[in-house]
Amino acid sequence: MDLLANLNQQQFQAVTAPPGQVLVLAGPGSGKTRVLTRRIAYLIREMGVPAYHILAVTFTNKAAQEMESRVSSLVEGNLEGIWLGTFHAMCARLLHREAQLLPFKSNFVIFDEDDQETLVKQALKELNIDDKLSKPGSILNKISTAKNNLILAEEYPSGNYREEIVSRVYKLYQAKLIKNNAVDFDDLLLWTVKLLAENKDVRDAYSHRFEHVLVDEFQDTNLAQYELLKLLASHHGNIFVVGDEDQSIYRWRGADYRNVLRFEQDYPACRTILLEQNYRSTQTVLDAARAVIDANTHRTPKALFTERGVGEKITLFEANDDRAEADYVVENIFQAIQSRKAKGSDFAVMYRTNAQSRLLEEACMRAGLPYRILGAQRFYGRREVKDMIAYLRLVQNPADELSLGRVINVPTRGIGDKTMEVLRQVARAAGKTPGDVLLELGELREKSPHFARFSNRAGLLLSDFGSLLSKWLKGKETHSVSQVFDAIIKDIRFREYIEDDHEFGESRWENVQELRRQAFEFNEKELSDYLQRLALVSDQDTLPEKQDAPLLLTLHAAKGLEFDTVFIVGLDEGLLPHARSRDEPEEMSEERRLFYVGVTRAKNHLHLVRAEQRTSFGAFEFNRPSQFLDSIPEELISRQGARIARGSKSRLDAYSGWSLPTPSGSNGESHARILEPKYKAGMRVKHESWGEGLVVDVRIQDNEERLDVFFDSVGFKRLLASLAKLEILNKSQ
DNA sequence: AAGGCCCTTCTTTTT
DNA sequence: GAAGGGCCTT
């Protein structure tokens, strides 16, 4: 086909730009992917660049696959040698090739988040730090942030107590990764940057090879990724990036949309192209979107426009509770499909947190409406799947102590914590990994010098398992991935073990079979390729495409997608924007962008939905409508008045303000006592020791009135109205 | 060593 | 309202 057909003027400019630096700022629905794929095809077909010299990077595997198939059809399959994939996959590949220059071996494994947390907990224990006071998760966050900003363990500051703790844990954590012959997600980037920055030969090799570097979703890059791109493009200087500041929603993972500004500074000669024509949405949707995002400061204003016409109004529905919210959504979709006005896959339902999917799923099931769901109860998170992967990881890399710990007693073979502890000690004393010791026991059994350290029973059990492992290791050299897989299953009698679970055994075994099917696809390749894929493929990538059913997904996962009709649920203060973002203006802006992303997914119909009360924690909470709703001009909105009545008729209480509770639970049963809140958001109150403060939030939970108060002296406090003696100063509002 | 029970805690988003 | 940790019993 003609590469330049159906391009508007800006798209044309971008696709045909001369070599050099190009920054494409692309509004939602403006044909960003089209530009990127045509550009690659243009380089190959029109500028005669061999695919071998092209590197194209995305954030998700889904985006990479999509791009590959589109480019492939544009250049008739002529993509031999192109590097097209996610940042993390690219780095894993590079590190695998260059491992001899690094402190780990090329059979390294990638540790997932659970592994990371285990490692941090181990480190805390060894350093005698109380994990109640220093939460492993929060330490991990700090380590991750540091890595994303290219701060090594030795460089981590220790100016205060907290930093000192993180600094120590970081160092030990990093040492443990190396000991396990493992890297974490952030390491993939960090080690690659370090390697390219410090080793001229390697840098030359790759930067000469990649004559053209192209990047999707550039606004989501973090500093490490930015530096990586700079290093890779350092020789030819041909770097083509596409992004949209307004869709930057991964700040919490280190993404920094200011990389867009950095790019313009670092490459003053760069050509900046704005894609402003939207081909997706109606004018109404676009107007709402613009109103939402305009409230954010520090952004490049864009003049988004569409030729698609005004379209229908946006609907807003306020349900009594979260169950009614879900019913409303499902009912709407169901009716539209029944009346043949739409098909299932026209619909998407988006929410802030995965936990919100549960009620939606239940509502779908009640209505008999088939649905698809992205993420949520993850396939790769299932116990039997994780166990099987741990076995494979151990075979790939016997130094992986975490996988060893996970599988050594699955199925139970009488090796418990005590024995494992001794095994670790023995290994440490011998300067080996537990895996090494185990393999040695497998070879020599009673003759091994280590044998005597264990009870006779434990020694024999370990030896047995050691010989199994050693057998699989040998098998790996000559057998395909799926053959290794089968050998493990058979030797440990995994099927019998799983099917012992009478209730779920069958479906759990099916999961294992599904995993085996995937392994089979890697029979031409190495076990390491398969494991790398398992580590880097997320559940977000496993969308059942074919099924014609509505899709449930988080707002984050929705980026890059589009649907005829979009429902955004949970438009409540505290949920969207999320309560955890409340204190940070930057995070509030990001919440707003998240909402913007959701809104701009809709082609024709947008439904905004909220619930006055919802259960979180198991108890009811009352919420105000999301402040983001205030941004949308009233004339774009059509309020859906009639609420769906469920349960007892008393539920049809007139709406009487967000802070008033209704006495009944979701099934209509009454609480023993009706609690009237005494306080209201906006009140000034006085506490006997903290002084004056402003009531920010009031909830009834567990039959207690709970307040969030911002005190002038000490900031936020969460307290119980019944205990804190508060004096009400005024009732403004 | 293993399994069961009760306690707490906590929850954003994910490569 | 789920999942993990600690403590109990067998």
Side-chain angles (χ1 to χ4, degrees), chain A residues 57-64 85-92 110-114 116-118 121 131-132 135-138 141 144 147-148 183-189 216-217 220-222 224-225 248-255 322 350-359 362 374-378 380-381 383 408-421 455 457-458 461 532-541 553-559 570 574-582 584 587 590-591 593-595 597-598 614-620 666 702:
Chain A
V57 210
T58 63
F59 274 87
T60 66
N61 293 286
K62 194 168 45 168
T86 65
F87 273 101
H88 291 84
M90 168 186 77
C91 290
I110 301 166
F111 272 8
D112 66 21
E113 217 176 305
D114 290 345
Q116 291 178 278
E117 187 144 339
T118 309
K121 281 183 188 157
D131 67 357
K132 296 258 155 36
K135 295 269 157 53
S138 103
N141 261 335
S144 174
K147 287 185 173 183
N148 288 332
V183 301
D184 64 20
F185 286 126
D186 304 314
D187 275 349
L188 289 168
L189 301 167
D216 191 15
E217 306 282 13
D220 284 335
T221 51
N222 58 35
Q225 285 157 336
S248 169
I249 53 176
Y250 288 104
R251 197 181 105 92
W252 49 277
R253 229 172 54 196
D322 45 359
M350 300 171 190
Y351 35 79
R352 177 67 236 266
T353 67
N354 275 308
Q356 291 169 261
S357 71
R358 219 189 84 247
L359 282 172
E362 284 171 10
L374 216 46
Q377 41 173 346
R378 305 135 51 225
Y380 297 103
R383 195 169 82 232
I408 196 159
N409 210 24
V410 175
T412 49
R413 43 177 80 89
I415 304 174
D417 296 342
K418 263 271 196 50
T419 308
M420 268 311 277
E421 193 42 51
S455 70
R457 176 172 172 274
L461 290 168
Q532 191 192 101
R533 154 76 158 269
L534 288 178
L536 297 178
V537 160
S538 67
D539 296 282
Q540 303 293 322
D541 297 316
L553 74 177
T554 62
L555 287 161
H556 281 88
K559 192 165 61 143
L575 202 50
L576 183 67
H578 197 275
R580 287 176 77 117
S581 308
R582 158 166 65 190
E584 264 282 343
E587 289 191 13
E590 178 143 318
E591 295 289 308
R593 291 195 292 270
L594 196 50
F595 182 44
V597 166
R614 65 178 68 243
T615 123
S616 70
F617 274 106
F620 273 115
S666 79
D702 300 335

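For the numbers below, each heavy atom of this structure counts, side chains included, while hydrogens, waters and symmetry mates do not. All figures in this text were calculated on a predicted structure; none of them were measured in a lab.
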Indicate whether OP1 or OP2 belonging to B:dT9 is found under 4.0 Å from a side-chain N or O atom of A:K135.
no
Quiz question: by atom type and distance under 3.5 Å, do the side chains of A:E584 and A:S581 form a donor-acceptor pair?
no
Say we look at C:dG4 and B:dT13: how far apart would their C1' atoms be, to the nearest angstrom?
22 Å
Using atom CD of A:E587 as one end and atom P of B:dT13 as the other, report the distance to the nearest whole Å.
14 Å
Any non-hydrogen side-chain atom of A:V410 less than 4.5 Å from a side-chain atom of A:R383?
no
Rounded off to whole Å, could you give me the OH-to-C1' distance for the A:Y250 and B:dT15 pair?
9 Å
Compare side-chain N and O positions of A:T419 against OP1 and OP2 of B:dA1 and report whether any pair is under 4.0 Å apart.
yes
Which one, B:dT15, B:dA2, B:dT13, comes nearest to the side chain of A:T86?
B:dT15
Mind checking whether A:Y250 and A:H556 have parallel, tilted or perpendicular rings, split at 30° and 60°?
tilted
Are OP1 or OP2 of B:dT13 and a side-chain N or O of A:N354 less than 4.0 angstrom apart?
yes
Just how far, in rounded Å, is C1' of B:dT11 from NE2 of A:H578?
7 Å
At their closest point, which heavy atom of A:N61 faces which heavy atom of A:T86, and how far apart are they?
N-CG2, 3.5 Å
Taking only side-chain N and O atoms of A:N409, does any of them lie within less than 4.0 angstrom of OP1 or OP2 on B:dA2?
yes
B:dT15 pyrimidine/purine six-ring stacking with A:F59, under 5.5 Å and 30°
no
Please tell me if A:N222 has a side-chain N or O lying less than 4.0 Å from either OP1 or OP2 of B:dT15.
no
Aromatic plane relationship, A:F185 with A:H88 - under 30° parallel, 30 to 60° tilted, over 60° perpendicular:
perpendicular
Taking only N/O atoms, report every protein-nucleotides 3-7 of chain C pair under 3.5 Å with atom names and distance.
residue	atom	partner	partner atom	Å
C:dG5	OP1	A:K121	NZ	3.1

Nearest-Å distance, OH (A:Y351) to P (B:dT13)?
10 Å
Let me know the distance between CZ of A:R253 and C1' of B:dT15, rounded to the nearest Å.
4 Å
Whole-Å distance, A:L359 CG to C:dA2 P, equals 11 Å
Can you check whether A:T554 has a side-chain N or O nearer than 4.0 Å to OP1 or OP2 of B:dT14?
yes
From B:dT15, B:dT11, B:dT14, pick the nucleotide closest to the side chain of A:R580?
B:dT11
Distance, rounded to the nearest Å, where A:D112 contributes CG and B:dT15 contributes P:
12 Å
Between A:K418 and A:W252, name the one whose nearest nucleotide on DNA chain B is closer to the 5' end.
A:K418
B:dT14 P sits how many Å from A:L555 CG, rounded?
10 Å
